[in-house]
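Naming: A, B, ... by sequence-line order, numbering from 1 per chain.
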Number of protein chains: 2
Amino acid sequence: MEATTDAEGPLAESLAFRLTVLGGTMQREFALHLKEAGLTPKHLGVLNVVDRALARTQDDVATLMQVTPGMVVRLVDRLEQRELLQRRRDPVNRRRHILTVTADGARVLATSAAFAATLDAQLVATTGTALAGQLDQALAALMRTLTGSR
Amino acid sequence: MEATTDAEGPLAESLAFRLTVLGGTMQREFALHLKEAGLTPKHLGVLNVVDRALARTQDDVATLMQVTPGMVVRLVDRLEQRELLQRRRDPVNRRRHILTVTADGARVLATSAAFAATLDAQLVATTGTALAGQLDQALAALMRTLTGSR
DNA sequence: TATTGTTATACTCTATAACTATA
DNA sequence: TATAGTTATAGAGTATAACAATA
């Protein structure tokens, strides 16, 4: 009766489960790196989507990052205090806050990109260049569905 | 002077960063699925490492999952309350608690594996079978380094 | 003296829901 | 009436550090 436990293969071999585990490990690395700046991975995520023009307003950020509007407020609050992000009212629709990354914000993104590059180097060293290239393609395909096929 | 911002390529194209984002998405899915059982993805992680014999004691779990001993206590507390995991003293070294997955715990793992399979199906549908196969290989290589090359 | 696990404390993250203002 | 954002509250997660028991 072991068909009950492994009907679809063990959990540990699922793509989704391993993505969760490895994503958690990577997130921990980013968290450690960002700690000195008083930021979390989510703060970096906000900077990134705004910088990449995937999100223009707080509402955009909430939808794209799947977080509540209330959390976006707090994330943006801190980023604004640190002068990494700027809020300004949309003259066209005064309910909206348009977000822009400041020069300091761009610097945080650059530093984090450099840090990410060192993590990538470790990943490539583990998988080898061939597999890393294919990992890159697979992740790109998956990211496209998250950002709405852009 | 834009070499300053993109010296190593943009953050959004980093393998590590995308693993963080996608891992977060998958984690959210698992969290939603586990909510009705009153569990979190970390609880599932504990069940998994114990079931796979990657961890025998609470200390093993803490080391492997990179969480503090105090958190393992609370995670195991809940799993034990729900009768998904059993604690018993190691007769050889009475400081240790040996963990074993109960029949109910195995059932949770099975249900979660089935759920993971549906997530996997979505992932495969997005990337195509060829890329999914290579994603599988890359993730396997990366997981081996996490579990100590076992 | 080191290891394993527990507890206490405080802090952060997060979700929910009520609220303000704009449209 | 619907949208964008804010605030308040409460609950869950987490880290730190002090502690107890065992080796």
Side-chain angles (χ1 to χ4, degrees), chain A residues 20 23-25 27-46 49-50 55-82 85-100, chain B residues 20 23-25 27-46 49-50 55-82 85-100:
Chain A
T20 303
T25 303
Q27 191 190 20
R28 209 164 11 244
E29 296 288 338
F30 278 108
L32 220 59
H33 170 252
L34 291 166
K35 198 169 187 179
E36 59 184 80
L39 301 176
T40 67
K42 278 213 168 75
H43 290 109
L44 185 60
V46 174
V49 293
V50 172
R56 241 175 56 90
T57 67
Q58 294 188 190
D59 195 43
D60 292 342
V61 172
T63 303
L64 196 59
M65 294 185 58
Q66 302 248 58
V67 293
T68 61
M71 182 168 319
V72 176
V73 170
R74 277 180 301 279
L75 290 169
V76 172
D77 276 351
R78 181 173 304 179
L79 289 168
E80 203 180 29
Q81 284 162 15
R82 302 272 195 288
L85 200 64
Q86 199 190 352
R87 251 185 191 121
R88 63 172 212 280
R89 290 229 169 256
D90 183 348
V92 174
N93 183 340
R94 291 182 44 72
R95 288 174 302 189
R96 289 204 184 96
H97 278 162
I98 295 180
L99 305 173
T100 48
Chain B
T20 303
T25 304
Q27 191 191 20
R28 211 165 7 247
E29 297 288 338
F30 279 107
L32 220 59
H33 170 252
L34 291 166
K35 197 169 187 179
E36 57 183 81
L39 302 176
T40 68
K42 278 211 167 78
H43 291 108
L44 185 60
V46 173
V49 293
V50 172
R56 243 174 54 91
T57 67
Q58 295 189 189
D59 195 43
D60 291 342
V61 172
T63 304
L64 195 59
M65 293 183 59
Q66 303 248 59
V67 294
T68 60
M71 182 166 320
V72 177
V73 170
R74 277 180 301 281
L75 290 169
V76 172
D77 276 352
R78 181 172 305 179
L79 289 169
E80 203 180 27
Q81 285 161 16
R82 302 272 195 288
L85 200 64
Q86 198 192 354
R87 253 186 190 120
R88 64 173 211 278
R89 290 232 170 254
D90 183 349
V92 173
N93 183 340
R94 293 182 43 74
R95 287 173 303 188
R96 288 203 185 97
H97 278 163
I98 295 180
L99 305 173
T100 48

> Of B:Gly70 and B:Leu75, whose nearest nucleotide on DNA chain D comes first from the 5' end?
Replying inline: B:Leu75
>> Reading DNA chain D from 5' onward, which residue's closest nucleotide shows up sooner: A:Val73 or A:Arg28?
In response: A:Val73
> Is any side-chain heavy atom of B:Val67 closer than 4.5 Å to a side-chain heavy atom of B:Val72?
Replying inline: yes
Measure from [atom1] on [X] to [atom2] on [N] and round the result to the nearest Å.
X	N	atom1	atom2	result
A:Asn93	C:dA23	CG	P	6 Å
A:Leu39	C:dT12	CG	C1'	14 Å
A:His97	D:dT3	NE2	C1'	14 Å
A:Met65	C:dA15	CE	P	11 Å
A:Met71	D:dA12	CE	C1'	12 Å
A:Arg56	D:dG5	CZ	P	10 Å
B:Leu34	D:dG13	CG	C1'	15 Å
B:Arg94	D:dT22	CZ	P	6 Å

>> Going by side-chain contact (heavy atoms from CB on, under 4.5 Å), A:Leu39 matches just one of A:Leu79, A:Leu44, A:Leu75. Which one?
In response: A:Leu79
Reckon [X] has a side-chain N or O less than 4.0 Å from the OP1 or OP2 of [N]?
X	N	answer
B:Arg87	C:dT6	yes
A:Arg78	C:dT12	no
A:Arg95	D:dG5	no
B:Lys42	D:dT14	yes

> Which of these nucleotides, C:dT7, D:dA8, D:dT6, is closest to any side-chain atom of B:Arg74?
Replying inline: C:dT7
> Is the backbone of A:Ala37 close enough, under 3.5 Å, to the side chain of A:Arg82 for a donor and an acceptor to pair up by distance?
Replying inline: yes
> Do any N or O atoms from the side chain of B:Arg78 and from the backbone of B:Gly38 form a donor-acceptor pair under 3.5 angstrom?
Replying inline: yes
>> Within a 6.0 Å radius of atom CZ on A:Arg56, are there more than 12 heavy atoms belonging to other residues, nucleotides or ligands?
In response: no
> Toward the 5' end of DNA chain C, which comes first, A:Val67 or B:Asp77, by nearest nucleotide?
Replying inline: B:Asp77
